[in-house]
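The structure appears right after this line, and notes come after that.
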Amino acid sequence: MSKLVSAVQNSLREIILAAAVKAAAAGSLPAVAEGSFNVETPADRANGDLSANAAMAWARELRMPPRKIADAIAANLDLDGTYFERCEVAGPGFMNFFLSPAYYGDIVKDILDKGDDYGRSDYGKGQRINVEFVSANPTGPMHMGNARGGALGDCLAALLDFAGYDVCREFYINDAGNQIEKFGLSLDIRYRQIFEGEDSVELPEDSYHGEDIKERAQEFADLYGDKYMSVSEEERRKALVDYALPKNIAAMEANLTKYRIKYDVWFKESVLHNDGELAETLNIMKEKGLTYEKDGALWYRATEHGGEKDEVLVRANGNPTYFAADIAYHRNKFAVRGFDRAIDIWGADHHGHVARMKGALDAIGLDGSKLDVILMQLVRLTRDGEVVRMSKRSGKAITLVDLLEEIPIDAVRFLFNMREPASQMEFNLSLAVEQSAQNPVYYCQYAHARICSIFKKLASEGIEPRACTDSELQRLTAPEEQELIRHLSMLTDEIISAAKNYDPARITRYTVDLATLFHKFYNACRVKCDDEALMQARISLCQCVRNTIKNVLSMYKITVPEVM
RNA sequence: GUCUCCGUAGCUCAGCAGGAUAGAGCGUUCGCCUCCUAAGCGAAAGGCCGGAGGUUCGAAUCCUCUCGGGGACGCCA
């Protein structure tokens, strides 16, 4: 919470308590109540700027009707020298306080002082937090789930950074295990089909059938010809994987860069296998008696650690499972790299994995509660009101690349962060490309561009912004001005709440609301006017709005155009 | 069957550490540029907050049950 805003809220509590003590001393209250009460911002401005429910909260304790308590307190209030102008008792016993123009002026001054740092706080100071997101399977193209996960993860990381956490953005590359074998097999068959004909070898049902596999096999054939037809299957598959996997990973990185996502760490699963960390983790589990052997496989006693059934760690064929590697991976995050907290963003289809992962961490002596998993629900794409399943061009499921080709990055990043992760959201393709006010991202950018335009216009007439005096800023008394300032003042608090709840959508909504309040102000109050002092005060307010929009949009790596 | 997410205006969704008359956008109807960007603003219409109990001075919000929809329950990842 902005220091000023929280200071004012706290001071109000003290003012009320002091008045209650005075009222009790004067005999208009039977005693000084001890129960807690809330100070909050009423939905309807007519009910004041801040409202306290003390009288209602104390009614039972004091055995007195709430209205009478409120009247007694109100009569004993001392508002001299505070930001409060007056208090009204209303409704069932609310005490509604109205802030003075000095408060609004000071908020504007505070925001201008903070500039590009406005909204930042040290709330999460000293906390190292790892945010792992997308982590798409490197055997094929990234899909819509990765698109949502990318926007969500990157913006969440940005939010945590803004709230003062030390954030590490991480991509986990599943470059080992079953799927890589399947990848090699699929590439192998496509490669052989090039030389032996389409019908020579059949692709098994559960292998990768995508066009991307064919393309990689063809590239490989273009490079090496049929040279690998004569070597062993094992050698050929290895060569194919060694060729195709780095290509795929590089492609993912390039596409994510286009999406404005830059990772601090690309963590390879294979490292866990090769450096012995996986074996080490399995040994720890064995030593702790967490495992047993059955049917040739190594099992984890998950049922003894909150799981519904035991899980295989090492298959009968000697290959460790994804789960085993994932335990080693999370052990690495906490025990090796020492993160205070780790956030994983997974598709909702992984939800069954959450409890057993946390349980396993607890079982090996780490704290599973330090792991937070955000489960994302599916995205439903629509165009002109119809559900879209396939890409028109490829006929296959729409990929991240398809999406970024069709929709501006600003819109994708913003729209994916309009809804909470857990909601099954609809992504309206026609709206996303539309450059109109219905598209919330343009609506916000437009407010910014409009302010820039005002400044340009003023500059062309020789009017430059200047610092305002306190009394000049106190000229901002129109309801539209005060609403706008009030909303501006909430930014830091909103960012902290959003960070705490892992909910970047809170901030996109905040920004839309800010744009709305600005547009209302714009229509109600002319900036350029004959009253020089008032004009400069309004210019200051516009600077606050412009800065704030810029701070939040650029936090989410969304551009802030000066002209639209 | 077990677990999980979701049911709020015609549509897409806010609100949910309980608070005053339940909000926004789209869509519908009607207004506002001789004046800083009309990609804007204003007004009207539109609701048993899925249903039933309970807790409370007070419930869209908390608890229990129930109905409807999505998803998950592999020696896949």
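A, B, ... follow the sequence lines: proteins, then strands. Residue 1 opens every chain. On a predicted model such as this, the values are computed, not experimentally measured, just so you know.
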N/O to N/O distances under 3.5 Å, protein versus nucleotides 70-73 of chain B:
from: B/G71; atom 1: N2; to: A/H351; atom 2: NE2; distance (Å): 2.8

Detail all sub-3.5 Å separations between protein N/O atoms and N/O atoms belonging to nucleotides 34-36 of chain B.
from: B/C35; atom 1: O2'; to: A/R526; atom 2: NH1; distance (Å): 3.0
from: B/C35; atom 1: O2'; to: A/R526; atom 2: NH2; distance (Å): 2.7
from: B/C35; atom 1: O2; to: A/R526; atom 2: NH1; distance (Å): 3.1
from: B/C36; atom 1: O2; to: A/K528; atom 2: N; distance (Å): 3.0
from: B/C36; atom 1: N3; to: A/V527; atom 2: N; distance (Å): 3.0
from: B/C36; atom 1: N4; to: A/Y522; atom 2: O; distance (Å): 2.7
from: B/C36; atom 1: N4; to: A/C525; atom 2: O; distance (Å): 3.2

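Stem regions for RNA chain B, each three or more consecutive Watson-Crick or G-U pairs with both distances under 3.5 Å and listed by first number, read B:1-7 with B:67-73, B:10-13 with B:23-26, B:28-32 with B:40-44, B:50-54 with B:62-66.
With both ends at atom C1', the span from B/G15 to B/G69 equals 22 Å, rounded to whole Å. Annotation: B/C30 and B/A14 have their C1' atoms spaced 27 Å apart (nearest Å). Taking atom P on both nucleotides, B/G10 is separated from B/G47 by 6 Å, rounded to a whole Å. With P as the reference atom, B/A24 and B/G42 are 10 Å apart, rounded to whole Å. Taking atom C1' on both B/C26 and B/A9, the two are 12 Å apart, rounded to the nearest angstrom. Separating the P atom of B/U56 from that of B/U61 is a span of 16 Å, rounded to the nearest Å.
Aromatic ring orientation, A/Y263 versus A/F171: perpendicular (interplanar angle above 60°, classes split at 30° and 60°).
With sequence neighbours excluded, the residues satisfying ring-ring contact (aromatic ring centres under 6.0 Å, His included) with A/H353 are A/Y322, A/F323, A/W346. Qualifying salt bridge (Lys or Arg N to Asp or Glu O under 4.0 Å) partners for A/R466, counting only residues two or more places apart in sequence or in other chains: A/E472, A/E532. In terms of the side chain to side chain donor-acceptor pair (under 3.5 Å) criterion, A/E420 has no residue partners (sequence neighbours excluded). With sequence neighbours excluded, no residue forms a side chain to side chain donor-acceptor pair (under 3.5 Å) with A/S497.
A salt bridge links A/R237 with A/D188; the closest basic N to acidic carboxylate O contact falls under 4.0 Å. Residues A/R475 and A/D531 are paired through a salt bridge, judged by an N-O separation under 4.0 Å between the basic side chain and the carboxylate.
A heavy-atom distance below 4.5 Å is found between the side chains of A/L185 and A/P204. Here the side chains of A/H273 and A/P320 are in contact, with some heavy-atom distance below 4.5 Å. The closest side-chain heavy-atom distance from A/L50 to A/Q9 is below 4.5 Å. Using a 4.5 Å heavy-atom threshold, the side chains of A/L152 and A/P504 count as touching.
A/T516 contributes a side-chain N or O that, together with a main-chain N or O of A/V512, makes up a donor-acceptor pair within less than 3.5 Å. Looking at A/N38, its side chain never comes within 3.5 Å of a backbone N or O of A/E40 through a donor-acceptor pair.
Between B/C75, B/A77, B/A39, one nucleotide has an atom nearer to the side chain of A/Y446 than all others, and that is B/A39. For A/M564, taking side-chain heavy atoms from C-beta onward, the closest of the listed nucleotides B/C41, B/G19, B/A39 is B/A39. Closest to the side chain of A/K520, out of B/U37, B/G42, B/C75, is B/G42. Candidate nucleotides B/C5, B/G19, B/C75 were compared by shortest atom distance to the side chain of A/A422, and B/C5 ranks first. The side chain of A/A297 approaches B/C75 more closely than any other nucleotide in the set B/C75, B/C76, B/A20.
Note on residues 406-416 of chain A: pairs passing salt bridge (Lys or Arg N to Asp or Glu O under 4.0 Å), not counting sequence neighbours, are A/D154-A/R413, A/R260-A/D410, A/R383-A/E406. Legend: salt bridge (Lys or Arg N to Asp or Glu O under 4.0 Å) pairs involving residues 504-530 of chain A, not counting sequence neighbours, sorted by first then second residue: A/E461-A/K528, A/E494-A/R506.
Of the residues in residues 130-151 of chain A, not one places a heavy atom less than 4.0 Å from an atom of RNA chain B. Within a heavy-atom distance below 4.0 Å of RNA chain B, the residues of residues 497-510 of chain A found are A/R509. For residues 310-319 of chain A, proximity to RNA chain B is found at A/V312, A/R315, A/A316, defined as any non-hydrogen atom under 4.0 angstrom from a strand atom.
When rounded to the nearest whole Å, the span between NZ of A/K358 and C1' of B/C3 equals 15 Å.
In this structure, A/A52 and A/R356 both approach RNA chain B, and ranking their closest nucleotides by distance from the 5' end singles out A/A52. In this structure, A/L375 and A/K182 both approach RNA chain B, and ranking their closest nucleotides by distance from the 5' end singles out A/L375.
Within 6.0 Å of NZ in A/K268 there are 12 or fewer heavy atoms belonging to other residues, nucleotides or ligands.
Atom-to-atom distance recorded for A/L29:CG and A/I73:CD1 is 6.0 Å, nearest 0.5 angstrom. The distance from atom OG1 of A/T511 to atom NE2 of A/H487, rounded to the nearest 0.5 Å, is 7.5 Å. With rounding to the nearest 0.5 Å, the separation of NZ in A/K456 from CD1 in A/I451 is 12.5 Å.
Contacts of A/M56 with the nucleic acid, taken as non-hydrogen atoms under 4.0 Å apart, include base atoms.
Side-chain nitrogen and oxygen atoms of A/Y443 include at least one within less than 4.0 Å of the OP1 or OP2 phosphate oxygen of B/C41. Here A/N178 reaches the OP1 or OP2 of B/C76: one of its side-chain N or O atoms lies under 4.0 Å away.
In the interface, the side chain of A/S51 is paired with the base of B/A20 through a donor and an acceptor atom under 3.5 Å apart.
Base orientation for B/C73: anti, the chi torsion being more than 90° from 0. Look at B/A17: its glycosidic torsion is within 90° of 0, and that puts it in the syn range.
Between A/Y556 and A/F414, the distance from one ring center to the other does not fall under 6.0 angstrom.
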